[in-house]
Amino acid sequence: MKKKRLITSALPYVNNVPHLGNIIGCVLSADVYARYCRAAGYETLYICATDEYGTATENKAREEGLSPKEICDKYHAIHQEIYQYFNISFDFFGRTSHPEHIEVTQAIFSDLDKAGLVLEQETEQTYCEVDQMFLADRYVEGTCPHCGYEGARGDQCDRCGKLLQPTELKNPKCQVCGNPPVLKKTKHLYLDLPSLESRLSEFHQRSSIQGKWAHNAITTTQGWIERGIQPRPITRDLKWGVPVPKAGFQNKVFYVWFDAPIGYISATKSGYPDTWKDWWFDPEGTQLYQFMAKDNIPFHTVVFPASLIGSGQNWTLLHHIASTEYLNYEGGKFSKSRSLGIFGTDLKELDIPIDLWRFYLLFNRPERSDSNFSWDGFLEDINSNFIDNIGNLLNRVLVFYQKNYGQPLDGAIPASQVGFLDQVKELGATALGLMDQVQIKDGLKTILAMGRLGNKYFHDSEPWKGIKEDPEKTKEILVALIYLLHDLGQLLSPYMPQTAEEILGMLGQKKRGLTGLGDWSSLAGAQLPAPAILFQKLEKKRIDSFKDRFSGKRELVEEGPDPFAAWAKVEIKVGKIIHIEPHPEADRLYVEKIDLGEDQPRTLVSGLKAYYSAEELLGRKVLVASNLKPALLRGVWSQGMVLAVEKRKRLEVVDLKEAEIGEVAFLEGESPNRALPEIELDTFFAAQIRVKDHRFEIEGRGLSLAFGPLKSVEISEGKVG
RNA sequence: GGCGAAGUAGCUCAGUUGGUUAGAGCGUACGACUCAUAAUCGUAAGGUCGCGAGUUCAACUCUCGCCUUCGCUACCA
């Protein structure tokens with residue numbers, strides 16, 4: 001009896017519109033596997049849902065002036081539409097805002113609570129009375145209790161890497177205002193992961209071997225555990241979430257990381273209220289395959305299994321984890337805010353058959369390392385690797401057969417073709433094996449190899465000659481090629497479902513599943529419809545036009561990281577360091593008082609300690625970026641930035657002996673920028689000030705002061721910052 | 001600066017526990033064929049497997065250092 005296969009893809013966060021990278025990482029990969037499993041005769045269930053709770057949704061709702069629920073309705077529909085367009089064969093696509101989700105989450109919580117694994121730390125949490133807010137862990141700093149490092153954050157120590165709770169810190173300080181926070185009583189609940197450690201590690205050892213986890217899943221999980229398993233808080237002070245069913249916690253909700261994975265279960269319950277337990281309470285008979293991108297690994301290998309194991313119920317646990325790396329876009333990251341890359345919502349208007357997208361993404365699935373989408377690659381992969389190979393083989397075989405032999409298909413298995421057909425069967429078996437191991441990309445490559453085998457056989461057999469000399473033998477060759485196309489079509493069905501049906505349709509067949517490979521009896525006497533072109537090839541011109549549209553060039557046009565535009569907002573003044581001392585709280589920083597010719601000297605913080613002694617800097621006239629937004633550096637506000645030339649690991653702070661204090665730098669041929677509004681650091685760097693041949697310049701145009709061009713002494717070439 | 005991942009043919013990627021001349025597809029060149037969507041088939045060129053040491057009889061594979069890229073993060077500002 002074959003085990004059932006329960007397949008999930010990571011729950012997409014509801015108000016992120018998925019891009020191609022998201023789609024190949026989770027939903028599409030899982031879809032191929034689910035389709036494979038069904039076709040191979042496994043009882044299969046493929047579940048997904050939108051993850052809807054949490055701060056991000058609350059914020060988005062505020063922005064758009066809607067309720068969280070309305071936001072979720074809106075974005076859930078967008079997800080649904082995109083996945084439908086992609087032909088994703090969910091058995092059920094749910095939502096964590098469904099009532100079942102509250103039931104299941106609360107039930108698991110109650111089980112954990114009964115098992116004594118919920119620590120009701122009626123903790124006092126750090127609360128800043130000055131800022132009147134509870135401080136998130138990382139906003140508290142202090143001395144690490146493990147290594148004594150003074151700059152440890154409340155969630156983790158950067159020196160020793162240990163995970164911390166803010167209350168463990170000695171001498172805690174609010175990172176916002178620098179005042180010591182008080183401890184204010186607030187009750188939160190924690191999942192007692194340390195108590196589950198031995199059961200977890202037993203699960204890891206078993207499952208990672210049996211389920212053949214990918215390399216990145218194993219290393220990531222190990223790394224996570226080595227860093228130390230701590231009790232993790234599972235409640236938060238929010239409104240939009242699953243209410244905590246426990247006295248004293250009614251006004252809190254569960255932390256999303258706790259409830260989101262439970263969405264797999266609750267979605268199954270929403271879709272299959274009567275049979276969901278057959279899947280989720282059946283570890284013996286059901287194998288759980290979970291698909292996700294690499295950033296989601298620890299939640300599926302540690303946190304979620306811990307919740308289920310700890311509940312004491314007989315849950316179905318993770319069997320195989322299929323974690324992909326990232327897909328980049330033309331060498332960079334996808335970015336919704338910068339309109340960089342292709343998003344699910346863009347696809348329809350591009351009007352490229354969806355199976356071609358599926359083909360490209362699956363053929364370039366980032367299995368071992370990050371991979372890269374490029375339009376040139378897209379064009380080549382579609383045209384050369386798919387259409388020229390498979391599309392053309394289908395066409396040449398069918399056209400040749402029908403032109404010469406008409407109808408119906410003469411279906412007996414010709415003895416002369418057994419050798420060739422064995423090769424076909426062997427490739428088919430290889431492809432099936434790869435698919436079963438979730439080697440999705442290699443499976444597809446094997447199918448293409450089958451196409452190449454067919455093309456080669458056609459060519460080597462020279463049927464255009466044979467038709468004159470030995471029509472009967474030639475017919476056998478063509479029939480064998482049609483058999484190949486049949487298996488190829490069946491094998492392609494998980495990858496390109498619509499295309500597979502079209503291929504099979506042209507053979508007068510229907511999709512029969514992958515168990516029928518090598519069984520060609522149904523082809524005997526089949527009526528063949530007139531051959532049609534499977535896909536027109538993509539035109540380079542058309543693809544090139546998409547390049548401009550999505551390659552972020554519009555970013556250049558619209559936002560323009562034009563250095564000169566940025567420079568127009570930057571003010572650089574000459575200042576004299578009149579006082580300098582080490583930063584009391586930092587190893588690498590100085591705190592300086594700098595006279596910029598203003599009413600008051602300014603306080604600046606600079607990371608120059610590793611390069612200069614205080615004496616060397618005292619009295620120097622230096623360049624200061626003077627209209628930067630003040631920044632808090634370890635408790636001291638820095639009102640500007642001392643500029644230095646940087647090359648590799650060398651640094652030079654130019655000493656401008658001849659300059660006047662308060663003088664403003666200008667671009668040659670222009671007047672100085674004065675009295676400008678505050679800018680972000682990013683804007684400053686967008687001006688891309690550099691040093692070349694000792695000259696300060698922007699894109700080749702020099703910077704000057706009244707006495708002459710700005711020059712460096714020690715470092716001839718480098719960046720200024 | 002810290003942590004993590006990565007660096008293999010022009011491009012996209014494979015390379016299992018170290019073991020003969022490092023692979024595939026695409027692209028390129030040349031040739032063949034002509035049934036087919038100028039598709040197909042063959043041959044070839046093309047890599048000091050980021051750089052430098054070390055361990056070993058033997059290193060793309062192990063160790064150390066360095067360089068570069070990407071991500072996260074910070075006492076970069």
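Bear in mind that the values here come from a model prediction, so they are computed numbers and not experimental data. Quick note on labels: first sequence line is chain A, next is B, and so on, each numbered from 1. Basis for what follows: all heavy atoms, side chains included, without hydrogens, waters or symmetry-related copies.
- The side chain of A:D388 approaches B:U40 more closely than any other nucleotide in the set B:U40, B:C75, B:U12.
- Using a 4.0 Å heavy-atom cutoff across all strands shown, A:K441 reaches sugar-phosphate atoms only and no base atom.
- With values rounded to the nearest 0.5 angstrom, A:I24 atom CD1 is found 9.5 Å from A:L20 atom CG.
- Residue-to-nucleotide contacts include no donor-acceptor pair under 3.5 Å from the side chain of A:D460 to the base of B:C41.
- With C1' as the reference atom, B:C70 and B:A44 are 37 Å apart, rounded to whole Å.
- Among B:U37, B:C35, B:G25, the nucleotide with an atom closest to any side-chain atom of A:N395 is B:U37.
- Checking A:A586 against A:S384, the closest nucleotide of RNA chain B that is more toward the 5' end is the one next to A:S384.
- The residue A:V605 sits close only to the backbone: its heavy atoms come under 4.0 Å of sugar-phosphate atoms, none of a base.
- Contact between the side-chain N/O atoms of A:K456 and the OP1/OP2 oxygens of B:U40 is not found at any separation under 4.0 Å.
- The nucleotide whose nearest atom lies closest to any side-chain atom of A:E380 is, among B:C13, B:C26, B:C75, B:C26.
- Straight-line distance from the CZ atom of A:F373 to the P atom of B:C13: 13 Å, rounded to whole Å.
- With rounding to whole Å, A:L453 atom CG is found 10 Å from B:C41 atom P.
- Distances were taken from every side-chain heavy atom of A:N372 (C-beta onward) to each of B:U12, B:C75, B:C35; the shortest belongs to B:U12.
- The nucleotide whose nearest atom lies closest to any side-chain atom of A:K537 is, among B:C76, B:U37, B:C35, B:U37.
- The OH-C1' distance, from A:Y401 to B:C35, rounds to 15 Å in whole Å.
- With B:G42, B:A36, B:U40 as the candidates, the nucleotide lying closest to the side chain of A:H459 is B:U40.
- Residue-level contact check: A:K403 touches the backbone only, with heavy atoms under 4.0 Å from sugar-phosphate atoms and none from bases.
- Only the P atoms considered, B:U17 is 13 Å distant from B:U63, to the nearest whole Å.
- Candidate nucleotides B:U37, B:U34, B:G25 were compared by shortest atom distance to the side chain of A:N385, and B:G25 ranks first.
- Rounded to a whole Å, the CG atom of A:L632 is 9 Å from the P atom of B:C75.
- Here B:U34 is the nucleotide among B:A36, B:C13, B:U34 with the atom lying nearest to any side-chain atom of A:K465.
- Nucleotide B:U40 has B:A32 as its partner under the Watson-Crick or G-U criteria, with both atom distances under 3.5 Å.
- If you look at A:Y360 and A:W357, their ring centroids are not closer than 6.0 Å.
- At the heavy-atom level, A:F684 lies nowhere under 4.0 Å from the strands shown.
- Spacing of P atoms, B:C62 relative to B:U16, comes out at 9 Å, to the nearest Å.
- Residue contacts for A:I533: at a heavy-atom cut-off of 4.0 Å it reaches a base atom on one of the strands shown.
- Between B:A9 and B:U56, the two C1' atoms lie 29 Å apart (nearest whole Å).
- Of the inter-residue distances, the one linking A:H459 atom NE2 with A:L393 atom CG reads 13.5 Å to the nearest 0.5 angstrom.
- Applying the Watson-Crick and G-U wobble criteria (two distances, each under 3.5 Å), B:G1 pairs with B:U73.
- Residue ring and base: A:W464 counts as stacked with B:C35 (centre distance below 5.5 Å, interplanar angle below 30°).
- Taking atom P in both B:U43 and B:U37, one finds a spacing of 26 Å when rounded to whole Å.
- Across all strands shown, nothing is found opposite B:U48 as a Watson-Crick or G-U wobble partner with both distances under 3.5 Å.
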Inset, instruction - Show the numbers, then the answer: is there a side chain to side chain contact (heavy atoms under 4.5 Å, CB included) between A:I482 and A:H486? - result: CA-CA 6 Å; A:I482 288 174; A:H486 166 269; 5.8 Å; no

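- Here B:U40 is the nucleotide among B:C13, B:U40, B:C75 with the atom lying nearest to any side-chain atom of A:R396.
- Rounded to whole Å, the distance from NZ on A:K445 to P on B:U12 is 13 Å.
- Only the P atoms considered, B:C49 is 37 Å distant from B:A32, to the nearest whole Å.
- Comparing the same atom, C1', in B:U55 and in B:G15 gives a spacing of 23 Å after rounding to whole Å.
- Distance check: A:S606 OG to A:I577 CD1 gives 7.0 Å after rounding to the nearest 0.5 Å.
- Under the Watson-Crick and G-U wobble criteria, each requiring two contacts below 3.5 Å, nucleotide B:C11 is paired to B:G25.
- Looking at A:R588, its side chain has no donor and acceptor atom pair within 3.5 Å of the base of B:C75.
- A donor-acceptor pair is defined here as one N or O able to donate and one able to accept, closer than 3.5 Å; such a pair exists between the side chain of A:D355 and the backbone of A:T499.
- Relative orientation of the A:F363 and A:F359 rings is parallel, given thresholds of 30° and 60° on the angle between their planes.
- Within the 4.0 angstrom heavy-atom criterion, base atoms lie near A:L534.
- Within the 4.0 angstrom heavy-atom criterion, base atoms lie near A:F458.
- The partner of B:U63 is B:A53, by the rule that a Watson-Crick or G-U pair needs both atom distances under 3.5 Å.
- Under a 4.0 Å N-O distance rule, the pair A:K541/A:E539 does not qualify as a salt bridge.
- Computed from coordinates, the A:L444 CG to B:C26 C1' distance equals 14 Å when rounded to whole Å.
- Atom CG in A:D442 sits roughly 13 Å away from atom C1' in B:U16 (whole-Å rounding).
- Contact between the side-chain N/O atoms of A:S371 and the OP1/OP2 oxygens of B:U12 is not found at any separation under 4.0 Å.
- One can place CG of A:N364 at 14 Å from P of B:C26, the figure rounded to the nearest angstrom.
- For B:G4 and B:A22, the P atoms lie 33 Å apart once the distance is rounded to whole Å.
- Across all strands, A:G391 comes closer than 4.0 Å to base atoms (heavy-atom distances).
- Comparing A:N455 and A:N328 along RNA chain B, the residue whose closest nucleotide (by nearest heavy atom) sits nearer the 5' end is A:N455.
- Ionic pairing of A:K294 and A:E325 is present here: one or more N-O contacts between side-chain nitrogen and carboxylate oxygen are shorter than 4.0 angstrom.
- Using Watson-Crick or G-U wobble geometry with both donor-acceptor distances under 3.5 Å, B:U68 finds its partner in B:A6.
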